[in-house]
Amino acid sequence: MSETSPKLRAELDGIPTYKPGKPAAAGGPVAYKLSSNENPYPPLPGVMDSVIASAQGFNRYPDMACTGLMNELADRFGVPVTHLATGTGSVGIAQSLLQSTSGPGDEVIYAWRSFEAYPIITRISGAKPVQVPLTAGDVHDLDAMADAITDRTRLIFVCNPNNPTGTVVRRAELDRFLDRVPSDVLVVLDEAYREFIRDADVPDGIEVYRNRPNVAVLRTFSKAYGLAGLRVGFAVAHEPVAAALRKTAVPFGVTQIAQDAAVASLRAEDELLGRVGSLIGERARVYDTLCRQGWTVPETQANFVWVRLGDRTADFAEACERAGVVVRPFAGEGVRVTIGETEANDIFLHTAEAFRKVL
């Protein structure tokens, strides 16, 4: 018999595997994980009760339509249920958006550096990634992104706040950009960190979408809501796009446990706002301390900070790990550091101060 392997799609050649944040070593010297932008708090009040109740029935398939969650989201954000779609985190929905819009010969535009899943899911769809460098201040260059649009462009990602830099696109510049985008090109506002924004000039994507049929918004329960391990996110988009997302979603992809936990989390908004407020306070302390130490750090509106280190990136990440925290290095560029427990933040800051002195 022939020894040849099954034929796989050529588009998969060279696609990098997504790299999750490195976990803290079990039983090792590392005590804190600041590498995955996770919420350090336990589940919100009522969430664990809902999870335990849902777990009693996981011998059954979940509600594929996510009826309870969809209705809760429609009420919470004032949008029709037909304008909603759910998925396995916002990245799962992003992949469905590409399946719905883009294939071989098409182009997908996004800033770089930005969310590392964008090039992976774009190439999986068969489309060509078009990466537009950030500005010198690590912000989306929307003028350059608009200039990159061709008749082959099908989708544009705008990550706001941007992962991993934490920088934001403000209202006036976003409006100018959207006015330049052809109406048949889908613009995806990826707002995974929306709850951490305190800059009044940053628009709420859901308000932007209302009057722009070619705008879709991604949100997740993984970050502020602390449900990273349950994998549930949602999109708000006009009906043709939302319907396409529901068609391309993996059947039964969002478990009943995740659906019920998300509903319970939405209903615990007061507690959520308090926790987010505490993290924002820690974010300000970390940012201010880094600036006083002499680091050039872009102003962040997310739950992390970005420190450019160039060819010292790996050395810094190793120093942090030896000290007791894991950060997220991007080789040759810098590190992204999640705002975590006060003790973890202190270890990171002490390490940054010591490292700065030997640069």
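All values derive from a computational prediction rather than experimental measurement.
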Centroid-centroid distance, Phe77 to Phe234, less than 6.0 Å:
yes
Cluster question for you: counting only ILVMFWY and a side-chain heavy-atom cut-off of under 4.5 Å, with indirect links fine, are [X] and [Y] together?
X	Y	answer
Val208	Val217	yes
Ile197	Phe157	no
Leu134	Phe304	no
Phe221	Tyr41	yes
Val307	Tyr287	yes

Are [X] and [Y] packed together at the side-chain level, in the sense that at least one heavy-atom pair is separated by less than 4.5 angstrom?
X	Y	value
Ile149	Val130	no
Glu269	Leu44	no
Asp288	Val286	no
Phe196	Lys223	yes
Asp138	Arg308	yes
Val327	Arg336	no
Leu84	Val236	yes
Leu97	Val241	yes

Can you tell me how far the [atom1] atom of [X] sits from the [atom2] atom of [Y], to the nearest 0.5 Å?
X	Y	atom1	atom2	answer
Glu318	Glu321	CD	CD	8.0 Å
Arg152	Ile109	CZ	CD1	10.5 Å
Asp260	Ile52	CG	CD1	12.5 Å
Ile121	Gln99	CD1	CD	9.5 Å
Arg210	His83	CZ	NE2	10.0 Å
Leu272	Arg267	CG	CZ	15.0 Å

So, for [X] and [Y], which heavy atoms are closest and what is the spacing to 0.1 Å?
X	Y	value
Arg194	Pro203	NH1-O, 3.0 Å
Val81	Met70	O-CE, 3.7 Å
Ser102	Ala127	CB-CB, 3.9 Å
Ala144	Val132	CB-CG1, 3.6 Å
Tyr110	Pro119	OH-CB, 3.1 Å
Ser96	Leu245	CB-CD2, 3.6 Å

Main-chain N/O of [Y] paired to [X] side chain as donor or acceptor, under 3.5 Å:
X	Y	value
Glu72	Ala264	no
Arg356	Gly294	yes
Asp201	Arg170	no
Gln259	Asp63	yes
Ser54	Val51	no
Asp106	Gly103	yes

Does Tyr225 form a side-chain contact (heavy atoms from CB on, under 4.5 Å) with Leu266? I'd like the steps, not just the answer.
CA-CA 8 Å; Tyr225 287 95; Leu266 286 168; 3.6 Å; yes
Would you say the side-chain atoms of [X] and [Y] include a donor-acceptor pair closer than 3.5 Å?
X	Y	value
Arg113	Asn163	no
Tyr193	Asn162	no
Glu299	Thr167	no
Arg275	Ser278	no
Asn345	Glu341	no
Asn214	Ser183	no
Arg283	Thr300	no
Gln301	Asp199	no

One pair to check against side-chain hydrogen bond (donor to acceptor under 3.5 Å, both in side chains): Glu38 and Thr338. What are the steps and the verdict?
CA-CA 7 Å; Glu38 295 158 334; Thr338 307; over 6 Å; no
Decide yes or no on side-chain contact (heavy atoms from CB on, under 4.5 Å) for Val108 and Ile156, but give the supporting numbers first.
CA-CA 6 Å; Val108 175; Ile156 304 171; over 6 Å; no
Is any side-chain N of the basic residue among [X] and [Y] closer than 4.0 Å to the acidic one's carboxylate O?
X	Y	answer
Glu173	Arg176	no
Arg171	Asp204	no
Asp184	Arg154	no
Arg312	Asp315	yes

Below 30° counts as parallel, above 60° as perpendicular, anything between as tilted: where do the rings of His238 and Tyr209 land?
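Answer is tilted, since the angle falls between 30° and 60°.
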Given Val335, which partner from the list Cys320, Pro164, Pro329 fulfils the side-chain contact (heavy atoms from CB on, under 4.5 Å) test?
Pro329
Between Val158 and His140, is the side-chain contact (heavy atoms from CB on, under 4.5 Å) condition met? List the steps.
CA-CA 8 Å; Val158 177; His140 279 60; 4.1 Å; yes
In this structure, are over 12 heavy atoms from other groups packed under 6.0 Å from Phe58 atom CZ?
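Atom CZ in Phe58 is not packed in, count stays at 12 or less.
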I would like to know whether Val276 and Asn39 meet side-chain contact (heavy atoms from CB on, under 4.5 Å); could you show each step before the answer?
CA-CA 9 Å; Val276 168; Asn39 190 322; 5.8 Å; no
How far apart are the C-alpha atoms of Phe330 and Trp306, what are their side-chain angles, what is the distance that settles it, and do they pass the ring-ring contact (aromatic ring centres under 6.0 Å, His included) test?
CA-CA 10 Å; Phe330 294 83; Trp306 171 246; 5.7 Å; yes
